[in-house]
Amino acid sequence: MNIILFGPPGVGKGTQGITLANEIDIVHIAMGDLLRAAVKNRTALGQEAQSYMDAGKLVPDTLVIGLIEERITCVDAAKGFLLDGFPRNVAQALALDEMLAKHAMLIDRVIFLDAADSLLLERLGGRLICKACGFGFHRHYSPPREAGLCDQCGGELYQRDDDKEDVIAHRLEIYKEQTQPLLQFYSTLDAFHQVDASGDIKSVYQLILDKVQ
Ligand code: AP5
């Protein structure tokens, strides 16, 4: 099964996407994670992408489209993949359609997660991530057992640079301008489902699972 999970920053794409991909045994492909890895490894693409990410802007399509094609055609993605954070505008959606046709692949579900801006601000403002394994926590909603340390591996927790208040506000603006138009692009497909992501993590997961099953 191939799935697109999209929605505003902080709505829970990563939180839900990782759990769902594990449960149905497909690969979780998060564009944000691919880009952060490129920045950390100081690749040419990472160096180009960094200033856009720090400012909360979208990285140019030419960079992300190549990256996603490389990833979905890796051997491990043959069993199915969940795209988290791609596509993020109509040009990327069109490029994805072309790529899928070229590799004889189909998308089985497009799941749109939505929640009010006030909730997104709260979720992003409190997010903590493990430096070592990337596992996500939230200061209030899902705090680590020991402050500052990951429950999974004991690694140090940090706040993403783009989770600072002014950058979050900009990311939400960019989302409304560039990503929200994808709703029109996908909402007429039979594969499309909208999920209210304002509940707690478990209840949102159940709603998503219902759409996938
Ligand atoms: P990316 O990393 O994809 O960021 P994003 O889309 O802004 O999404 P987030 O990762 O911030 O949020 P999420 O929805 O995954 O929420 P999460 O599950 O962590 O992209 C970063 C940057 O990379 C972009 O700004 C851009 O520069 C670039 N980029 C990425 N893709 C690109 C593309 N296609 N084209 C161009 N540029 C691109 O949850 C957030 C917090 O809330 C966590 O703490 C979590 O524990 C908590 N939480 C989640 N769900 C719940 C719930 N139901 N109840 C309570 N708490 C919850």
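When reading the values below, keep in mind they use all heavy atoms of this one structure, side chains included, and skip hydrogens, waters and symmetry mates. Every number for a ligand or one of its atoms is a count from 1 in the order of the listing. The shown structure was predicted, so the numbers you read here are calculated from the model rather than taken from an experiment.
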Exercise. Are Ile4 and Ile65 connected in a single hydrophobic cluster, I mean Ile/Leu/Val/Met/Phe/Trp/Tyr linked by side-chain heavy atoms less than 4.5 Å apart?
Worked result: yes
For this session: Would you check the N or O atoms of Phe137, main chain and side chain alike, for any that come under 3.5 Å of an N or O of ligand 1?
Result: yes
Exercise. Nearest to atom 20 (O) of ligand 1, what protein heavy atom do you find, and at what distance?
Worked result: Arg88 NH2, 3.5 Å
Exercise. Judging by distance only, is a nitrogen or oxygen of Pro87 under 3.5 angstrom from one on ligand 1?
Worked result: no
Exercise. Has ligand 1 got any nitrogen or oxygen that is less than 3.5 angstrom from a nitrogen or oxygen of Leu124?
Worked result: no
For this session: Show your working on salt bridge (charged side-chain N to carboxylate O under 4.0 Å, His left out) between Asp161 and Lys164 and close with a plain yes or no.
Result: CA-CA 6 Å; Asp161 284 343; Lys164 310 264 157 67; 3.8 Å; yes
Exercise. Can you find an N/O atom of Leu58 closer than 3.5 Å to an N/O atom of ligand 1?
Worked result: no
Exercise. Is Asp210 atom CG crowded by more than 12 heavy atoms from other residues, nucleotides or ligands, each under 6.0 Å away?
Worked result: yes
Exercise. Among protein heavy atoms, which sits nearest to atom 51 (C) of ligand 1, and what does the distance come to when rounded to 0.1 Å?
Worked result: Ile201 CG1, 3.4 Å
Exercise. Short N/O distance, under 3.5 Å, between Gln92 and ligand 1?
Worked result: yes
For this session: Identify the protein heavy atom lying closest to atom 12 (O) of ligand 1, giving its residue, its atom name and the separation to 0.1 Å.
Result: Gly10 N, 2.9 Å
Exercise. Would you say the side-chain atoms of Asn41 and Thr43 include a donor-acceptor pair closer than 3.5 Å?
Worked result: no
Exercise. Among Gly85, Ser51, Gly136, whose heavy atom sits nearest atom 34 (N) of ligand 1?
Worked result: Gly85
For this session: May I ask you to check whether Arg127 has an N/O atom sitting below 3.5 Å from an N/O atom of ligand 1?
Result: yes
For this session: Name the closest protein heavy atom to atom 41 (C) of ligand 1, giving the residue it belongs to and the distance to 0.1 Å.
Result: Arg123 O, 3.4 Å
For this session: Drop me the distance from Leu58's CG to Met31's CE, to the nearest 0.5 angstrom.
Result: 10.5 Å
For this session: Give the residue and atom name of whichever protein heavy atom lies nearest to atom 47 (C) of ligand 1, and the separation in Å to one decimal.
Result: His138 CD2, 4.1 Å
Exercise. Is the closest heavy atom of Gly199 to ligand 1 under 4.0 Å?
Worked result: yes
Problem set entry | Protein heavy-atom partner closest to atom 7 (O) of ligand 1 - residue, atom, separation in Å | Arg171 NH2, 2.6 Å
Exercise. What is the ring orientation for Phe192 with Phe112, classed by angle as parallel under 30°, tilted 30 to 60°, or perpendicular over 60°?
Worked result: parallel
For this session: List the closest protein heavy-atom neighbour of atom 28 (C) of ligand 1: residue, atom name, distance to the nearest 0.1 Å.
Result: Leu35 CD1, 3.6 Å
Exercise. Polar-atom distance check: Tyr141 versus ligand 1, any N or O pair below 3.5 Å?
Worked result: no
Exercise. Would you say Arg160 and ligand 1 have an N/O pair spaced under 3.5 Å apart?
Worked result: yes
Seminar exercise, completed: Nearest non-hydrogen protein atom to atom 49 (C) of ligand 1, with distance, is Thr15 OG1, 3.5 Å
Exercise. So is Asp162 polar-close to ligand 1, meaning N/O to N/O under 3.5 Å?
Worked result: no
Seminar exercise, completed: If you compare Pro8, Gly14, Ser142 by their heavy atoms, the one closest to atom 15 (O) of ligand 1 turns out to be Gly14
